[in-house]
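As structure tokens, the structure follows; a few thoughts come after it.
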Amino acid sequence: MPFSCRLPPPFSIVDDPALQPYTHNFGNETGDNGIIGLVGGQPIGANWIRLSRGFAYVDAQTPELTITITPQYRGQGIGTQLLTALFAITDPAYPTLSLSVDVANPAHHLYQRFGFKVITEKDGTNTMLRTSDNR
């Protein structure tokens, strides 16, 4: 089950087996691609795509998007910058991208600005899809 964004999850979330499709052996699978945001050489956020069967699985040709920004840098445009950079790389290769987001997550509006549209809602979580038609 996706984690609620009402409270930030603990760092131990990275060990959750449900999240392994997004991280396990990343960089060694076809379609893996991502961007890391740095300030003073320190990572402050990252986003990546992966052809996986995670929470936002649509089909075998649609990568899922994952993004994280450290709390002190949220709301400052970092997500916009990371997504812009990632899409410049990935848009030519993938006509569709999906993601899963809690309906209470403020980033929901960010995804809409980038053309993601809700395709399903279940238990307070939206699966969103971005296609070449709605970029």
Side-chain angles (χ1 to χ4, degrees):
M1 167 176 253
F3 292 88
S4 172
C5 292
R6 290 171 182 88
L7 292 175
F11 184 76
S12 60
I13 192 173
V14 299
D15 298 322
D16 187 310
L19 299 180
Q20 294 307 299
Y22 299 102
T23 59
H24 180 72
N25 206 27
F26 187 84
N28 295 310
E29 303 291 331
T30 301
D32 288 356
N33 211 327
I35 300 286
I36 297 173
L38 303 172
V39 169
Q42 297 299 310
I44 60 159
N47 62 358
W48 62 97
I49 63 164
R50 181 168 230 197
L51 293 164
S52 62
R53 288 184 173 263
F55 298 118
Y57 179 79
V58 174
D59 59 44
Q61 293 77 40
T62 301
E64 292 182 60
L65 171 70
T66 305
I67 184 169
T68 183
I69 310 290
T70 57
Q72 64 268 31
Y73 286 96
R74 293 180 186 157
Q76 299 178 36
I78 304 298
T80 297
Q81 292 176 44
L82 288 172
L83 289 174
T84 299
L86 182 68
F87 294 156
I89 296 166
T90 60
D91 277 356
Y94 296 103
T96 59
L97 293 174
S98 65
L99 62 83
S100 176
V101 61
D102 186 293
V103 295
N105 187 328
H108 202 281
H109 299 290
L110 170 67
Y111 305 138
Q112 290 174 320
R113 283 197 329 263
F114 276 94
F116 284 90
K117 298 193 183 304
V118 175
I119 57 170
T120 62
E121 181 179 343
K122 181 178 178 186
D123 300 326
T125 301
N126 286 338
T127 298
M128 300 180 81
L129 189 68
R130 180 177 188 256
T131 68
S132 56
D133 296 336
N134 58 2
R135 290 185 183 150

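Since this is a predicted model, take the numbers as computed values, not measurements. One-based numbering along the sequence shown.
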Rounded distance [0.5 Å steps], [atom1] in [X] versus [atom2] in [Y]:
{"X": "I67", "Y": "L83", "atom1": "CD1", "atom2": "CG", "value": "4.0 Å"}
{"X": "L86", "Y": "N47", "atom1": "CG", "atom2": "CG", "value": "4.5 Å"}
{"X": "Q81", "Y": "I35", "atom1": "CD", "atom2": "CD1", "value": "11.5 Å"}
{"X": "M128", "Y": "S100", "atom1": "CE", "atom2": "OG", "value": "10.5 Å"}
{"X": "F55", "Y": "T66", "atom1": "CZ", "atom2": "OG1", "value": "10.0 Å"}
{"X": "N105", "Y": "T125", "atom1": "CG", "atom2": "OG1", "value": "10.0 Å"}

Of all the heavy-atom pairs spanning [X] and [Y], show the shortest one and how long it is.
{"X": "P63", "Y": "I49", "answer": "CB-CB, 3.9 Å"}
{"X": "I44", "Y": "L38", "answer": "CG1-N, 4.3 Å"}
{"X": "S98", "Y": "A56", "answer": "OG-O, 2.8 Å"}
{"X": "P43", "Y": "I36", "answer": "CB-CG2, 4.0 Å"}
{"X": "L51", "Y": "T62", "answer": "CD2-C, 3.8 Å"}

Apply side-chain contact (heavy atoms from CB on, under 4.5 Å) to residues T80 and R113 and explain how you reach the verdict. CA-CA 9 Å; T80 297; R113 283 197 329 263; 3.0 Å; yes

Return the orientation label for the F116 and F87 ring planes: parallel under 30°, perpendicular over 60°, tilted otherwise.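 If you compare the ring of F116 with that of F87, the planes turn out tilted.
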
Is there a donor-acceptor contact under 3.5 Å from the side chain of [X] to the main chain of [Y]?
{"X": "D102", "Y": "A104", "value": "yes"}
{"X": "T127", "Y": "T120", "value": "no"}
{"X": "N134", "Y": "G115", "value": "yes"}

Results of salt bridge (charged side-chain N to carboxylate O under 4.0 Å, His left out) for D32 - residues two or more places apart only: R50

Assess whether a salt bridge exists between K117 and D133, defined as any Lys/Arg side-chain N lying under 4.0 Å from an Asp/Glu carboxylate O. no

Are L97 and Y57 in one and the same hydrophobic cluster, where Ile, Leu, Val, Met, Phe, Trp and Tyr link if side-chain heavy atoms are under 4.5 Å apart?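 Not linked; separate clusters.
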
Please step through side-chain contact (heavy atoms from CB on, under 4.5 Å) for the pair H108 and V118, ending with a clear verdict. CA-CA 10 Å; H108 202 281; V118 175; 4.0 Å; yes

Starting from V58, walk the hydrophobic network (Ile, Leu, Val, Met, Phe, Trp, Tyr; side-chain heavy atoms closer than 4.5 Å) and list everyone else you reach, by chain and number. I119, L129

